[in-house]
Amino acid sequence: MIEVKELKKYFGVVRAVDGVSLAVESGESLGLVGESGSGKSTLARLILKLIEPDSGTINYDGIKNIRKDCQIVFQDPQTSLNPRIRIGEAIGEPMAIHKIVENRKSKIENRIKDLLDMVKLPAEYANRYPHALSGGERQRVGIARALAGEPRFLVLDEPVSSLDVTIQVQILDLLKELKRKLNLTYLFIAHDLSTIGYMCDKIAVMRAGKILEIGTTELILSAPQDPYTRQLLESSPKL
Ligand code: ADP
Ligand code: MG
């Protein structure tokens, strides 16, 4: 679905993404793991065309409109949701932008209800403000919002890193279920291998702007080639 070749993005002397090549196949969940500052979010932003690379190419297959077909869920729904905008409106906004449903109030309200149901939140949450929700509930809203434009590809940029462990598993299971139901393709970013191992079919290990190794989850977890991957494996909590 997405093929990245020799991608580079420097910020001054910081080589955030330094010659990355990888492919995300349709229907898979590719995990991108690496410590903080290794360039994961920059790579994601390049793939979503939120920033331009210094060099290299990205090819999209089966994606017509990147703004609509590719969406992102951020780590911290606290900062990605406007505190003064009600949940329903926050979810409805991308629908209006991408003209997913007719601009009739009843249609939009129904679709918001469906999206809340998809992420297992009660319909009456549409009238609430973000502060009235727990962290896990806010992340569900972040997911509903990402799904509103009917995307095919989702970047999940450390979507459970700020949540309690028990809540983490609930959100991961929801993401798995949605992927299956909606035929989605994921680029799942995390800084620990346990979350990635739980979620992903394939794993790419990133450090200092480079991909150190890439392989099936089974292979990376059972026979990591790079010393850095082994170090990540040893330091990751068991989920
Ligand atoms: P990660 O998501 O793996 O934590 P990032 O992609 O956010 O890593 O950052 C990689 C490196 O690029 C870091 O050193 C970060 O400080 C730097 N960086 C990211 N975005 C910018 C920016 N807009 N301007 C300057 N430096 C940046
Ligand atoms: Mg990041």
Side-chain angles (χ1 to χ4, degrees), residues 1-9 17 19-34 39-53 56-75 94-95 97-101 111 114-115 118-119 139-140 142-160 171-190 193 195-206 210-222:
M1 182 173 263
I2 292 167
E3 193 179 18
V4 169
K5 276 189 193 151
E6 283 302 313
L7 211 59
K8 286 189 183 169
K9 180 71 183 179
V17 172
V20 165
S21 300
L22 57 79
V24 190
E25 309 288 344
S26 177
E28 83 177 354
S29 176
L30 174 66
L32 183 61
V33 68
K40 305 180 299 296
S41 295
T42 303
L43 178 58
R45 286 161 68 214
L46 287 165
I47 288 174
L48 296 170
K49 288 218 175 289
L50 299 173
I51 52 173
E52 280 298 307
T57 58
I58 310 172
N59 285 308
Y60 302 86
D61 186 16
I63 288 171
K64 291 188 205 91
N65 175 351
I66 293 170
R67 281 281 165 279
K68 175 187 169 297
D69 293 333
C70 304
Q71 295 294 326
I72 185 163
V73 174
F74 295 103
Q75 173 178 344
M95 265 184 259
I97 294 170
H98 300 298
K99 302 192 176 63
I100 293 301
V101 292
R111 174 81 177 135
D114 288 347
L115 283 159
M118 247 188 249
V119 297
Q139 193 53 293
R140 287 173 193 267
I143 294 166
R145 204 173 129 87
L147 294 176
E150 298 182 341
R152 304 196 54 209
F153 172 73
L154 278 193
V155 172
L156 301 141
D157 193 352
E158 310 220 23
V160 298
I171 299 290
L172 294 177
D173 286 340
L174 172 70
L175 287 168
K176 278 187 177 186
E177 184 188 320
L178 290 169
K179 179 174 177 294
R180 204 173 47 236
K181 274 191 191 160
L182 304 172
N183 259 322
L184 296 166
T185 301
Y186 284 173
L187 176 64
F188 189 98
I189 300 176
L193 268 169
T195 312
I196 293 258
Y198 188 66
M199 278 302 292
C200 302
D201 315 311
K202 255 175 25 191
I203 299 177
V205 182
M206 189 165 188
K210 295 184 193 297
I211 301 296
L212 299 181
E213 64 179 310
I214 185 163
T216 62
T217 299
E218 207 187 340
L219 208 65
I220 297 277
L221 296 187
S222 64

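Since this is a predicted model, take the numbers as computed values, not measurements. Counting from 1, the numbers follow the sequence of the chain as shown.
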Would Leu43 and Leu22 satisfy side chain to side chain contact (heavy atoms under 4.5 Å, CB included), going step by step from the backbone distance to the final call?
CA-CA 11 Å; Leu43 178 58; Leu22 57 79; 4.2 Å; yes

Hydrogens and angles aside, do Asp173 and Tyr198 bring a side-chain donor and acceptor to less than 3.5 Å of each other?
yes

Residues forming a side-chain contact (heavy atoms from CB on, under 4.5 Å) with Glu218, sequence neighbours excluded
Thr216

Please confirm whether the backbone N or O of Asp201 pairs with a side-chain atom of Ser29, one donor and one acceptor, at under 3.5 Å?
no

Any donor-acceptor pair under 3.5 Å from Thr217 side chain to Cys200 backbone
yes

How long is the straight-line distance from CD of Glu3 back to OG1 of Thr57, given to the nearest 0.5 Å?
7.5 Å

Can Arg152 and Ser26 be said to form a side chain to side chain contact (heavy atoms under 4.5 Å, CB included), step by step?
CA-CA 9 Å; Arg152 304 196 54 209; Ser26 177; 4.3 Å; yes

Taking the side chain as everything from C-beta on, heavy atoms only, tell me whether Met206 gets closer than 4.5 Å to Ile211.
yes

Measure the spacing between OG1 of Thr185 and CG of Asn183 and express it to the nearest 0.5 Å.
8.0 Å

Quick check for you: to the nearest 0.5 Å, what is the distance between Met1 atom CE and Leu30 atom CG?
13.0 Å

Leu147/Leu154 under side chain to side chain contact (heavy atoms under 4.5 Å, CB included): CA gap, chis, key distance, verdict:
CA-CA 9 Å; Leu147 294 176; Leu154 278 193; 4.2 Å; yes

Would you say Arg45's side chain and Ile51's backbone share a donor-acceptor pair under 3.5 angstrom?
no

I need the Lys68 NZ to Ile63 CD1 distance, nearest 0.5 Å.
10.5 Å

Here the pair of heavy atoms bringing Val155 nearest to Ala44 is CG1-CB, 3.8 Å

Looking at Lys5, I want to see if its NZ is surrounded by more than 12 non-hydrogen atoms of other residues, nucleotides or ligands under 6.0 Å.
no

Selection residues 177-189 - residue pairs positive for salt bridge (charged side-chain N to carboxylate O under 4.0 Å, His left out), sequence neighbours left out:
Lys120-Glu177, Glu177-Lys181

What do the steps show when you test Phe153 against Leu187 for side chain to side chain contact (heavy atoms under 4.5 Å, CB included), and what is the final call?
CA-CA 8 Å; Phe153 172 73; Leu187 176 64; 3.8 Å; yes

Looking at every heavy atom in both Ile214 and Ala204, which two are closest together, and how far apart are they?
CD1-CB, 3.8 Å

Are the side chains of Glu25 and Lys202 in contact, using a 4.5 Å heavy-atom criterion?
yes

Could you name each residue pair satisfying salt bridge (charged side-chain N to carboxylate O under 4.0 Å, His left out) that touches residues 56-66, not counting sequence neighbours?
none

Nearest 0.5 Å, what's the CD1-CD distance between Ile58 and Glu52?
8.0 Å

Applying side chain to side chain donor-acceptor pair (under 3.5 Å), name anything that partners Gln75, two or more places apart in sequence or on another chain.
none

Which heavy atom of Ile66 sits nearest to which heavy atom of Leu48, and what is that distance?
CG2-O, 3.7 Å

Side chains of Cys70 and Lys49 in contact at under 4.5 Å (non-hydrogen atoms)
no

What is the distance from atom CG of Asp157 to atom CD1 of Ile189, rounded to the nearest 0.5 Å?
4.0 Å

Pro159: side-chain contact (heavy atoms from CB on, under 4.5 Å) partners, not counting sequence neighbours:
Val73, Gln139, Leu156, Leu175, Phe188

By salt bridge (Lys or Arg N to Asp or Glu O under 4.0 Å), Arg145 pairs with (sequence neighbours left out) Glu93

For residues Met118 and Leu174, report the shortest heavy-atom separation together with the two atoms involved.
O-CD1, 3.5 Å

For the student: nearest non-hydrogen atoms of Glu6 and Ser21, plus distance:
N-OG, 2.9 Å

